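Here the structure is laid out as structure tokens; the discussion comes afterwards.
These numbers were taken from a predicted model, which means no experiment stands behind them.
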Amino acid sequence: QVQLVESGGGSVQPGGSLKLSCATSGFTLDYSSIAWFRQAPGKEREGVSCISVADNDLTYYADSVKGRFITSRDTPKGPVYLQMNSLKPEDTGVYYCAEGPGYGSACPTMSRAAFRSWGQGTQVTVSS
């Protein structure tokens with residue numbers, strides 16, 4: 001059974017940092033990509049970052065987070081991390097990790113439809 005479990009969310013002031021973790025099980029991470037999405041109240045869920053584990057850990061980022069967020073993994077079996085720095089109020093939302101194909105356009109485009117399994121989400125609030 002495929003499972004993804006996010007952790008590490010919380011409340012932080014603008015300019016602060018948080019590190020999210022995505023623990024995975026039930027599938028072979030080596031053949032997959034892991035994306036981070038977020039959803040703010042009243043807005044569509046949007047792709048934030050993606051790591052293509054199958055493609056030598058190649059990473060992709062939304063323009064809104066480039067230079068501030070880093071996605072990575074420390075071991076072959078994960079977890080997959082999202083280090084978030086210089087946080088802004090507009091980064092507030094529920095953050096989800098999702099598993100998708102290891103190759104192709106899923107990771108570069110972070111298209112929601114391409115990601116097959118999702119975690120339950122973790123809340124991130126950036127406010128003074």
Residues 9-22, side-chain donor-acceptor partners within the protein, below 3.5 Å, at least two apart:
from: S17; atom 1: OG; to: N85; atom 2: OD1; distance (Å): 3.0

Return the CG to OG distance between L4 and S117, rounded to the nearest 0.5 Å.
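Interatomic distance, L4 CG to S117 OG, rounded to 0.5 Å: 6.5 Å.
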
Gap between atom CZ of R116 and atom CZ of F27 - 0.5 Å precision
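Going from the CZ atom of F27 to the CZ atom of R116 covers 8.5 Å.
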
Cation-pi check, R45 onto Y96 ring (under 6.0 Å, within 45° of axis)
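Because its charged atom sits under 6.0 Å from the ring centre and within 45° of the axis, R45 does stack over Y96.
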
Is the distance between the ring centroids of F37 and W118 under 6.0 Å?
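Ring centroids of F37 and W118 are less than 6.0 Å from each other.
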
With a 6.0 Å cut-off on ring centres, are Y103 and Y31 close enough?
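Centroid distance Y103-Y31: not below 6.0 Å, so no.
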
Atom CD of E44 with >12 non-hydrogen neighbours under 6.0 angstrom:
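Atom CD in E44 is not crowded, with 12 or fewer foreign heavy atoms closer than 6.0 Å.
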
Going through the checks in order, is the side-chain contact (heavy atoms from CB on, under 4.5 Å) test met by R38 and V124?
CA-CA 9 Å; R38 67 186 180 192; V124 171; over 6 Å; no

So [Y] and [X], do their side chains get closer than 4.5 Å, heavy atoms only?
{"X": "K77", "Y": "L29", "value": "no"}
{"X": "E99", "Y": "T24", "value": "no"}
{"X": "Y81", "Y": "D74", "value": "yes"}
{"X": "V53", "Y": "L58", "value": "no"}
{"X": "S64", "Y": "F69", "value": "no"}
{"X": "W36", "Y": "V80", "value": "yes"}
{"X": "V48", "Y": "M84", "value": "no"}

Check D91 with K88, please: is the shortest side-chain N to carboxylate O separation under 4.0 Å?
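So K88 does not pair with D91 through a salt bridge.
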
Indicate, with yes or no, if I51 and Y61 share a hydrophobic cluster defined by side-chain heavy-atom contacts under 4.5 Å among Ile, Leu, Val, Met, Phe, Trp and Tyr.
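Cluster IDs for Y61 and I51 match.
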
Assigning hydrophobic clusters by single linkage (Ile, Leu, Val, Met, Phe, Trp, Tyr; side-chain heavy-atom cutoff under 4.5 Å), is I34 placed with I70?
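Both belong to a single hydrophobic cluster.
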
Between A106 and F115, which heavy-atom pair has the shortest distance, and what is it?
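Closest approach of A106 to F115: O-CE1, 3.5 Å.
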
For L82 against S49, the heavy-atom pair lying closest together
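Minimum heavy-atom contact is CD1-OG, 3.4 Å.
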
P101 backbone acceptor or donor facing S33 side chain under 3.5 Å
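At least one qualifying donor-acceptor pair exists.
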
